[in-house]
Structures are given as structure tokens and as C-alpha cells.
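Naming convention: chains lettered A, B, ... in sequence-line order (proteins, then strands); numbering from 1 in each chain.
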2 protein chains.
Amino acid sequence: MSASPRETYERPHRPPRPEGAPAADRRSGIREAALRLFAAQGYRSTTMTDIGAAVGIRGPSLYKHVASKHELLAEIMIGTMEQLIADNTAAVAGTDDVREQLRRSVEAHIRYHARHRLEAFVGNREIGSLEEPDQDRVLARRSDYERRFRELIERGMAERAFGVQSARIASYSILDMGIGVASWFREGGEFTVDQLAYQYGDIALRIVGVRTPDVSGDDQ
Amino acid sequence: MSASPRETYERPHRPPRPEGAPAADRRSGIREAALRLFAAQGYRSTTMTDIGAAVGIRGPSLYKHVASKHELLAEIMIGTMEQLIADNTAAVAGTDDVREQLRRSVEAHIRYHARHRLEAFVGNREIGSLEEPDQDRVLARRSDYERRFRELIERGMAERAFGVQSARIASYSILDMGIGVASWFREGGEFTVDQLAYQYGDIALRIVGVRTPDVSGDDQ
DNA sequence: TCTGATGGCTAATGGTCAGTAGCCAAGATC
DNA sequence: GATCTTGGCTACTGACCATTAGCCATCAGA
């Protein structure tokens, strides 16, 4: 690698925008690449060089678009929780029936975990990688989200619509099922997102003791 | 920190076994410390110095007892899967009734995830940190374990004891619920391990469509 | 045509870390 | 008592990594 003096700059660096990359896309391209890599290799094992390579630039050039590696993680994780909470708010808004609210909440939960597998996956695995103002922010939102399910189930109990031994365990079961979806679901597999959401809705209702239409072994 | 020449060795290093550490315990002490640290900080963020400090020695001294950091992780993860499989085998051995087999399988699953929270937690989060002969070993055992639940549910369907839309989704739900336990359960909290196992057994039976004794809102 | 902003680049910096080398004291064995 | 083994230690090595410094080509707008 001797810098021969006669050819001062053979190929000094790539043109600023080799393909149609409209500059506003750069940042979101970086975010997506980071998400993909964080999901596949973990936050700690992903280097800025990796992320750069995924979008066609060098590691240090990323700092023209993002402040730090940590910022990328924090954005993903806070965004995930905000979206889950917003989806849940929308889900319960359309009805007052506690069974229907639970079904819709669960469907929204499953839909998010199926459609945004990587975000959900990273969001669950990398909580410990967040630094402190951000980790608290994420944990607070996560608590809020859990509380919504627990209180819904408690309301169902009070209205004698649901029957469970512990609302806390029921809500954890339901949430944890959904979290699991993010680790095994693949688009284009045996089920569509809609089918999945509906089935998990049924399962959640069974968990809280609501009789769902019986499914004999062979009608699906 | 100048090494003054007159006091040649003020305190060169600790005595080989300062307290009653019977030398066979050293290795398991290291394994336990590593487990605790891997669970709390993640594998990648835990240094050999951290693990050494947790057992009262320096990082490099660990290599007198273990071959590598990776070996510690692999031992934890393979051991976890082997134990889960062994527990499952024992659980189904005592009965032929498919409902009872499912209940006992789920109870064993929950018991393991509650009693060995850290192993289960690390076992789920650090799969990607395993290097290659070991990652395959763990994934193969994990597949085997999942298959046991799925096939049990399929048998229950064939015998008309269970009614679900998809045995695969039912088995994932049940397993994922248990995995979640490892992340929130604390000994000495609201429930004992036995209560937890029993409640999750009920929930699993509800998921597969078995009528469990009705629980009205206020009888527990 | 000039000029500033943008977004690439390479090189360097400061830090961390797994693992190795080689030293040594205490206890065990002979 | 001499010697071996065990399990500590410090110092070091080689690698990797996030981030900064500073350079420069292209492009948009004046």
C-alpha cells in the first residue's frame, strides 16, 4: 500500500451518491441495516464497519448521519415500545366489550411481533445494552404496556367475563406468547399475519376462560 | 505504584486457597459466577476479569481451570438443553393419558424455567454467541424439545382429547410462555414454583381446549 | 465561475479484551 | 528435606473497535 507520488489519487473515494440514493434515504437505510445486523449478530458484535458496509460506505462515514452506534439502538428500542403502545391504544378504542378489547389487543400485539420481527427481537434481547437514560425510558414504556393487559384482564374478572387464577400470570402468558412469535415467525410460511393474529386471539381468550367456538381436530 | 526494591514481595499474590475452597469447587464456582454475569450483562460484555473478580482471582488465573470463555458459555447452554430434555422424558414416563402427559410436561418446563432462571435466560439470549459446533448442538436439542410438545399435542388431537387450530402454534405458545417465566419470575415473590407450575399447567390445557375446572373471579 | 455545504475517504487515537508467557509460593509426595 | 504439582500472580501480545481529525470531490446556488 505505498502511496506512489505520481498517481496522486487513483480512486480517492466514491462519488457522493453513486446510485439514486436521495440523501434522505441514507439515514433510514442505515437504521434498517443496523436493525438487521443487530438482530442477526447482536448489538455488541455488530461493528460500525459492518453497518457501513451494508449501506455501501465506510464505518467512519456513518458519523455524517448518526451521532453514535448507541443512538441507533436507542431509536429502534424506543420506537418499538411507542408503536406497541400506540397500536394498543387504537385497538381498545373501538369497543367497550372486554372480550373484544382483549382480542383486539392481542391481535395488535401479535401483528406487531410478526410484522416487525426484527425490532421486537432486538427490543427484547438488547435491553441490557442500552445506556442509562434510554434503558429507563424503555423499561417504563414496557411496564406501561404490560399494565394495560393486566388491567384489562382484571376488568374482565370484575365483570365475570373472564376467569383466571391470576391476572398477572394470564397477562404474562399472553404477552410472552407474542414475544415468542418474533423469534420463529417468517413471512411466507405456513400462516399469514392475519391468520396468526386470529389464532392467538383465540388462544388468549381460552387462557382467560372464555369459551371459543370449539375446534375439532380436523376442521382446519 | 513504584516497586520499591527493598521490599521485594510485599504481597506477591494471594495464598492458593485463602478460605475453604476445596479446589473441586473452584471450577463450579467459576461456572456459577459466569452464569450470573452472562445473565446480568450478556456474554459479550462480560470479561474474564469480571468472572475472575467474582470468585476472588485475576482474569488470567481462570485459565488454570477453564479452557476459554466460550467453553463456559457452551457448557451452560448444552447443559440447559440436556436437562430440559431429561426432565421432559421423566415427565411423560409416568402415565399414558395425553392430558396428563401434557400437564406434566408443562409443569416440568415451568419448573425448570423458574428454578434455573439464569440458565434459561442465557440459553435463550445467547444462542447467537455460540460458535459453530456448539450452536448446532444446542439448536438440534432445542428442535428435539419443541418436537416433543408438538407431537404430544398432535396425539391429543388424534385422540380427540385436544382441539386446536394448529398444533405448531399451540406448542409454540406453551413453550414461549414458559420461556417468559425465566425473565420475570423471582423466588420469594407472589407465587411459589409449585403454584406457578400448576397454574401454567392449567393454562396449557386451556390452550389445547381441555375444560379445566372453572375458576370464578374470586375463588382464589 | 466561485463558494459553501455535504458526504465520502484514510489515518490515527485511545481503549478494551481474550488469551499467553513465565514467574513463584504453598502443599503434597516421596 | 528435595522435588513436583497446583494455582495463584504480573506483564505482555495481538486484535479489534468506536470515534475523531482532517482531507477532498461533487454539487447547488449565487
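A straight line from CD1 of B/I30 to C1' of D/dG7 spans 10 Å, rounded to a whole angstrom. Here the P atom of nucleotide C/dC17 and the CG atom of B/L37 are 13 Å apart, to the nearest Å. Whole-Å rounding puts the A/L62 CG to D/dA18 P distance at 10 Å. Distance, B/R27 CZ to D/dG7 P: 12 Å, rounded to whole Å.
Contact check on A/E107 versus A/R103 returns a salt bridge, with a Lys/Arg side-chain nitrogen under 4.0 Å from an Asp/Glu carboxylate oxygen.
A/H113 is linked by a ring-ring contact (aromatic ring centres under 6.0 Å, His included) to A/H109, counting only residues two or more places apart in sequence or in another chain. Partners of A/D134 according to the side-chain contact (heavy atoms from CB on, under 4.5 Å) rule, which considers only residues two or more places apart in sequence or in another chain, are A/H70, A/A74, A/I78, A/L130, A/R137. The salt bridge (charged side-chain N to carboxylate O under 4.0 Å, His left out) search around B/R142 returns none, not counting sequence neighbours.
Put simply, A/R58 has no side-chain N or O that comes within less than 4.0 Å of OP1 or OP2 on C/dG8. Residue A/S61 places none of its side-chain N or O atoms closer than 4.0 Å to OP1 or OP2 of C/dG7. Remark: B/R26 is not in phosphate contact with D/dG7, judged by side-chain N or O atoms under 4.0 Å from OP1 or OP2.
Sorted by first and then second residue, the salt bridge (Lys or Arg N to Asp or Glu O under 4.0 Å) pairs involving residues 36-52 of chain A (not counting sequence neighbours) form an empty list. The salt bridge (Lys or Arg N to Asp or Glu O under 4.0 Å) pairs that include a residue from residues 59-85 of chain B are B/R27-B/E71, B/R27-B/E75, B/R31-B/E75, B/E82-B/R141, where partners are two or more places apart or lie in different chains.
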Atom pairs, N/O to N/O, protein against nucleotides 18-22 of chain C, distance under 3.5 Å?
| residue | atom | partner | partner atom | Å |
| --- | --- | --- | --- | --- |
| C/dA18 | OP1 | B/T46 | O | 3.2 |
| C/dA18 | OP1 | B/K69 | NZ | 3.0 |
| C/dA18 | OP2 | B/M48 | N | 2.9 |
| C/dG19 | OP2 | B/Y63 | OH | 2.7 |
| C/dG19 | OP2 | B/K69 | N | 2.9 |
| C/dG19 | O5' | B/Y63 | OH | 3.3 |

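When distances are taken from the side chain of A/H65 to each of D/dC9, C/dC9, C/dG7, the shortest belongs to C/dG7.
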